[in-house]
Peer 1: 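Questions regarding the structure given below will be posed in turn.
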Amino acid sequence: QVQLVESGGGLVQPGGSLRLSCSASRITFTMYTLSWYRQAPGKQRELVAAITSGGVTNAAESAEGRFTISRDNAKDTVYLQMNSLKAEDTAVYYCNAHLGPTVGGLDYWGQGTQVTVSS
């Protein structure tokens, strides 16, 4: 069974930094588009950042300039470096791997890791 496992979440003060990691088992990331989403209590899940198989990145306006997504295909791992964290960044962060067309493609999700930004 394919599994994605996130790690690196925790409690951090405003202005601090965290690096999230997501690693896969039983798949190879090379050809997948990889993304980070987050969901805060009472809010809809939103896209934070994405990186294509070719290394092209895209980030939400709220993350632009503070968060950086990267990938290491040799380790089947995707990272999210988060700097200058704000209280409003508090959420459960999920990684996603997608392959193929929007309709009928493969789509995998991790279980999430909690990020709490608080003083």
Peer 1: Take L20 and Y79, measure what side chain to side chain contact (heavy atoms under 4.5 Å, CB included) needs, and give me the verdict at the end.
Peer 2: CA-CA 5 Å; L20 306 183; Y79 305 95; over 6 Å; no
Peer 1: Which heavy atom in S35 sits nearest to a heavy atom in A50, and how many Å separate them?
Peer 2: OG-CB, 3.4 Å
Peer 1: Please check if the side chain of H98 supplies one atom and the backbone of L106 the other of a donor-acceptor pair under 3.5 Å.
Peer 2: yes
Peer 1: Taking the side chain from T52 and the backbone from G54, do they hold a donor-acceptor pair closer than 3.5 Å?
Peer 2: yes
Peer 1: For F67 and W36, I'd like to know if the aromatic rings sit close, meaning centre-to-centre distance below 6.0 Å.
Peer 2: no
Peer 1: In Å, rounded to the nearest 0.5 Å, how long is the span from CG of N73 to CE of M31?
Peer 2: 10.0 Å
Peer 1: What pair of heavy atoms forms the shortest contact from L4 to Y108, and how long is it?
Peer 2: CD1-O, 3.5 Å
Peer 1: How about CD on Q39, more than 12 heavy atoms from neighbouring residues, nucleotides or ligands closer than 6.0 Å, or not?
Peer 2: yes
Peer 1: Taking all atoms of both residues into account, what is the closest heavy-atom pair of R71 and I51, and its distance?
Peer 2: NH1-O, 3.4 Å
Peer 1: Could you report the tightest heavy-atom contact between L80 and A49, atom names first, then the distance?
Peer 2: CD1-CB, 4.3 Å
Peer 1: Are I27 and D76 side-chain neighbours, meaning at least one heavy-atom pair lies under 4.5 Å?
Peer 2: no
Peer 1: Can a donor-acceptor pair be found, under 3.5 Å and without considering hydrogens, that links the side chain of T90 to the backbone of V117?
Peer 2: yes
Peer 1: Do R45 and Y37 get their side chains close enough for a donor-acceptor pair, meaning under 3.5 Å?
Peer 2: no
Peer 1: Do you know which two heavy atoms are closest between A59 and E64, and how far apart they sit?
Peer 2: CB-OE1, 3.7 Å
Peer 1: Which value, rounded to the nearest 0.5 Å, describes the distance between S119 atom OG and L11 atom CG?
Peer 2: 9.5 Å
Peer 1: Describe, in one word, how the ring planes of Y94 and W109 are oriented to each other, choosing from parallel (under 30°), tilted (30 to 60°) and perpendicular (over 60°).
Peer 2: perpendicular
Peer 1: At their closest point, which heavy atom of R38 faces which heavy atom of S62, and how far apart are they?
Peer 2: NH2-OG, 3.3 Å
Peer 1: Does CD belonging to Q3 count more than 12 external heavy atoms closer than 6.0 Å?
Peer 2: no
Peer 1: Atom CD of E6 and atom SG of C22: how far apart are they, to the nearest 0.5 Å?
Peer 2: 5.0 Å
Peer 1: Please list all pairs meeting side chain to side chain donor-acceptor pair (under 3.5 Å) that have one or both residues in residues 11-26, counting only residues at least two apart or in different chains.
Peer 2: S17-N83, S23-T77
Peer 1: In the single-linkage hydrophobic clustering (I, L, V, M, F, W, Y; side-chain heavy atoms under 4.5 Å), do V92 and V12 co-cluster?
Peer 2: no
Peer 1: Look up atom CD in Q81 and atom CD1 in I69, then write down how far apart they are to the nearest 0.5 Å.
Peer 2: 12.0 Å
Peer 1: Measure the CE-CG distance between M82 and L18 for me, rounded to the nearest 0.5 Å.
Peer 2: 4.5 Å
Peer 1: Please round to the nearest 0.5 Å and tell me the distance separating atom CG of L99 and atom OG1 of T33.
Peer 2: 8.0 Å
Peer 1: Quick one: does C95's side chain get under 4.5 Å of L34's, heavy atoms only?
Peer 2: no
